[in-house]
Amino acid sequence: MNSVNKIFEKELLVKSTTDNLAIIRDFIKSAANQSGFSEDSAGKIILAVDEACTNIIKHAYKYSPEGSILIKIKFNDPKFSISITDEGSHFDPNKVPEPDLREYYKQKRVGGLGMFLIKKLMDEVNYSTLSGNKNQVILVKYLSN
Amino acid sequence: MAEFNVNLRDVGSVSVIDVKGYLDAHTAPELENIFNKLLVEKQFKVVVNFDELKYISSAGLGVFMAYVETMRENKGDIKFSNMKENVYNIFDLLGFPILYEFYKEEKEAVHKFGNQG
């Protein structure tokens with residue numbers, strides 16, 4: 001059994017490139033393990049963060065590799081909270097419709113699934129705009145779930 | 001760096017794609033390249049064997065969505081086999097089982113194309 005911490009904070013700052021997704025996933029995995037999440041729950045958190053960062057790389061920075069993504073984890077048993085901040089273009093999450101797979105199939109549309117997955121995988125999802133044109137999404141998972 | 005490998009082989013008239021490792025936004029273009037190659041070769045009957053796939057994100061799922069209709073329009077399909085439970089759960093969350101066929105074993109999926117191997 002690995003040692004489990006009740007309270008801690010960690011952060012990771014990376015450039016907006018897709019090859020950093022693996023680094024991001026490892027970072028989240030180690031923090032989720034440290035908090036005592038099951039492998040299954042940790043997998044959900046890892047995927048949700050991957051999807052959020054993929055959206056930032058694709059949409060906020062439009063694949064420009066010079067953007068930054070700041071990921072901060074706060075664990076205060078049982079609340080595991082991940083804030084992800086970027087300085088790319090703003091988007092309104094309310095304007096992204098929930099995907100209908102049958103419609104996607106017909107239209108050969110392949111985007112928009114990420115946000116839907118994030119909502120399904122996490123307990124709380126909160127998008128906001130910070131001063132200095134920063135976008136932030138906070139994802140929360142409770143250990144008991 | 002995410003580890004991902006994709007391999008293409010023929011089983012009779014069916015093209016089998018083995019995917020291995022981590023399929024995310026970084027590695028999905030490698031899988032797209034394989035599908036583009038199949039389109040050029042007019043190979044529309046495809047089985048994707050997930051036996052060694054550890055992880056998939058929506059960028060990976062999007063590849064199948066992008067190509068499946070073309071395969072079906074040409075009397076082919078993309079069928080899935082040997083998927084681990086954690087990977088299947090992601091397909092399931094997005095409603096894929098309504099639109100795609102999943103098989104436990106590769107040979108069942110290949111057989112569904114009416115191929116005797």
Original post:
Is B/Tyr67 reachable from B/Leu99 through a run of hydrophobic residues whose side-chain heavy atoms are each under 4.5 Å from the next?
Top reply: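 Yes: a chain of side-chain contacts under 4.5 Å links B/Leu99 to B/Tyr67.
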
Original post:
So what's closer than 4.5 Å to chain B heavy atoms on A/Leu121: side chain, backbone, both or neither?
Top reply: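 A/Leu121 touches chain B through side-chain heavy atoms alone.
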
Would you find more than 12 non-hydrogen atoms of other residues, nucleotides or ligands less than 6.0 Å from [X] atom [atom1]?
{"X": "A/Lys62", "atom1": "NZ", "result": "yes"}
{"X": "A/Lys10", "atom1": "NZ", "result": "yes"}
{"X": "A/Lys134", "atom1": "NZ", "result": "no"}
{"X": "B/Lys107", "atom1": "NZ", "result": "no"}
{"X": "B/Asn7", "atom1": "CG", "result": "yes"}

**OP:** Go through the steps to decide whether A/Leu113 and B/Met65 satisfy the test side-chain contact (heavy atoms from CB on, under 4.5 Å), and finish with yes or no.
**Re:** CA-CA 11 Å; A/Leu113 298 175; B/Met65 292 171 71; 3.6 Å; yes

Subject >> Inter-residue atom distance B/Asp24.CG - A/Arg25.CZ, 0.5 Å rounding >> reply: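 Here the rounded value is 4.5 Å.
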
Subject >> Beyond-backbone contact of A/Thr17 with B/His26, side-chain heavy atoms, under 4.5 angstrom >> reply: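 The answer is no, as the side chains (C-beta and beyond) never meet within the 4.5 Å cut-off.
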
**OP:** Apply side-chain contact (heavy atoms from CB on, under 4.5 Å) to B/Ile90 and A/Leu117, showing your working.
**Re:** CA-CA 8 Å; B/Ile90 308 307; A/Leu117 267 181; 4.2 Å; yes

**OP:** Could you please spell out the steps behind the side-chain contact (heavy atoms from CB on, under 4.5 Å) verdict for A/Lys44 and B/Asn89?
**Re:** CA-CA 10 Å; A/Lys44 289 179 179 170; B/Asn89 288 343; over 6 Å; no

Original post:
Between A/Asp26, A/Asp50, A/Ile57, which has the largest tally of heavy atom pairs under 4.5 Å with chain B?
Top reply: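 Option with the greatest count: A/Asp50.
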
Original post:
Side chain of A/Glu51, backbone of B/Ser57: donor and acceptor closer than 3.5 Å?
Top reply: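 Looks like no, no N/O pair under 3.5 Å.
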
Subject >> Of all pairs that satisfy salt bridge (charged side-chain N to carboxylate O under 4.0 Å, His left out), the ones with a partner from residues 87-96 of chain B, not counting sequence neighbours >> reply: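 For residues 87-96 of chain B: none.
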
Subject >> chain A contact via B/Tyr55 - which portion, at a heavy-atom distance below 4.5 Å >> reply: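 Looking at B/Tyr55, just its side chain touches chain A.
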
